[in-house]
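Single-structure report; data block below.
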Amino acid sequence: MAGDGKEEPKAMGTGGGDKLILRGMQFHGFHGVKQEEKTLGQKFVIDVDAWMDLAAAGDSDDISHTISYTDIYGIAKGIVEGPSHNLLESVAQSIANSTLLKFPQISSVRVKVEKPHVAVQGVVDYLGVEILRCRKA
């Protein structure tokens, strides 16, 4: 949809609009610039879209023609539950870079990192970042 902030990547290779979708992955991590965030930790919610050609998997019904969702889940889990980052931007970038590095068949990846429990003077569902990274040609 135009104007909804969810534009598809322009250069997706042969995958067209095909993508793997992981939504609402929740992990406990120790990211943030405040000392309490680094010692107590908090919940982070991660969404990942990974663009790749899924035609062969659709035709064959064979997992060897796609990427297991659990492999991408494992990347996100390892980074969010791993060493502390100051910025959500760095967490998202690490997930995106690791995903593109491990899976050359993925042409683009979108990572959203939500921090639902933030100390702000107001009501919010979450604060966070969303990045889109495309494989360099």
Side-chain angles (χ1 to χ4, degrees):
M1 285 182 145
D4 69 355
K6 299 287 183 194
E7 291 82 15
E8 303 295 302
K10 301 264 189 262
M12 293 180 296
T14 60
D18 298 356
K19 66 181 175 180
L20 301 173
I21 301 168
L22 292 85
R23 293 285 181 270
M25 297 179 283
Q26 296 183 26
F27 308 106
H28 188 84
F30 297 87
H31 313 291
V33 294
K34 296 181 179 167
Q35 190 56 45
E36 311 85 67
E37 295 174 307
K38 293 190 178 299
T39 55
L40 299 174
Q42 61 190 300
K43 178 172 76 171
F44 293 87
V45 181
I46 311 297
D47 294 341
V48 175
D49 293 327
W51 281 267
M52 64 177 283
D53 188 349
L54 299 175
D59 290 338
S60 70
D61 197 25
D62 185 336
I63 194 157
S64 70
H65 294 136
T66 190
I67 295 168
S68 172
Y69 303 106
T70 59
D71 290 340
I72 297 172
Y73 179 94
I75 289 171
K77 178 180 175 62
I79 290 168
V80 177
E81 293 182 350
S84 177
H85 294 250
N86 289 325
L87 303 178
L88 298 183
E89 292 86 342
S90 179
V91 173
Q93 180 91 345
S94 294
I95 293 169
N97 287 347
S98 294
T99 302
L100 288 170
L101 184 63
K102 183 169 183 178
F103 302 111
Q105 61 272 55
I106 293 177
S107 59
S108 302
V109 64
R110 179 187 292 135
V111 178
K112 180 177 176 183
V113 178
E114 299 175 9
K115 190 182 214 179
H117 305 295
V118 291
V120 296
Q121 297 198 2
V123 178
V124 297
D125 287 338
Y126 65 88
L127 300 178
V129 301
E130 181 175 277
I131 65 168
L132 172 65
R133 298 294 178 263
C134 298
R135 185 171 303 287
K136 304 216 188 305

So, do Ile79 and Phe44 sit near enough that their side-chain heavy atoms are less than 4.5 Å apart? no
For Lys102, all residues meeting side-chain hydrogen bond (donor to acceptor under 3.5 Å, both in side chains), sequence neighbours excluded: none
According to ring-ring contact (aromatic ring centres under 6.0 Å, His included), does anything in residues 102-137 pair up with another residue at least two apart or in another chain? List the pairs. none
Non-hydrogen side-chain atoms of Glu114 and Asp47 separated by less than 4.5 Å: yes
May I ask whether Val91 and Val45 are part of the same hydrophobic cluster, defined by side-chain heavy atoms of I, L, V, M, F, W, Y residues being less than 4.5 angstrom apart, directly or through others? no
Restricting to pairs with a member in residues 69-80, which pass side chain to side chain donor-acceptor pair (under 3.5 Å), not counting sequence neighbours? Ser68-Thr70, Lys77-Glu81
Using every non-hydrogen atom in the two residues, find where Asp18 and Ala55 come nearest and quote the distance to one decimal. OD2-N, 3.8 Å
For Asp59, the side-chain contact (heavy atoms from CB on, under 4.5 Å) test, sequence neighbours excluded, returns none
Excluding sequence neighbours, so at least two apart, what forms side-chain hydrogen bond (donor to acceptor under 3.5 Å, both in side chains) with Glu89? none
Of the non-hydrogen atoms in Met52 and His65, which two are nearest, and what is the gap between them? CE-O, 4.4 Å
Taking all non-hydrogen atoms of both residues into account, name the closest pair between Ser98 and Ile75 and its distance. CB-CG2, 3.7 Å
With Glu37, which residues qualify under side-chain hydrogen bond (donor to acceptor under 3.5 Å, both in side chains), at least two apart? Gln42, Lys115
Any sub-3.5 Å donor-acceptor pair from Arg135's side-chain atoms to Leu100's backbone N or O? yes
Table please: side-chain donor-acceptor pairs of residues 25-35 below 3.5 Å, with sequence neighbours left out.
from  : atom 1 : to    : atom 2 : distance (Å)
His28 : NE2    : Leu40 : O      : 3.2
His31 : ND1    : His85 : N      : 2.9
His31 : NE2    : Val80 : O      : 2.8

Closest non-hydrogen atom pair between Ala50 and Ile72, with its separation: CB-CD1, 4.1 Å
Measure the CD1-CD1 distance between Ile95 and Ile46 for me, rounded to the nearest 0.5 Å. 4.5 Å
Work out which heavy atom in Gly128 is nearest to a heavy atom in Leu88; give both atom names and the distance. CA-CD1, 3.8 Å
Which value, rounded to the nearest 0.5 Å, describes the distance between Ser90 atom OG and Ile131 atom CD1? 9.5 Å
If I compare all heavy atoms of Trp51 with all of Leu132, which pair ends up nearest, and what's the gap? CZ3-CD1, 4.0 Å
Is it the case that atom CG in Asp62 sees more than 12 heavy atoms from other parts of the structure closer than 6.0 Å? yes
Roughly how far apart are Asp53 CG and Ile106 CD1, rounded to 0.5 Å? 12.5 Å
Side chains of Leu54 and Leu20, heavy atoms from C-beta outward: is any pair under 4.5 Å? yes
Taking ILVMFWY side chains as joined if any heavy atoms are under 4.5 angstrom apart, and letting links pass through other members, which residues group with Val124? Val118, Val120, Leu127
All side-chain hydrogen bond (donor to acceptor under 3.5 Å, both in side chains) counterparts of Asp49, not counting sequence neighbours: Arg23, Arg110
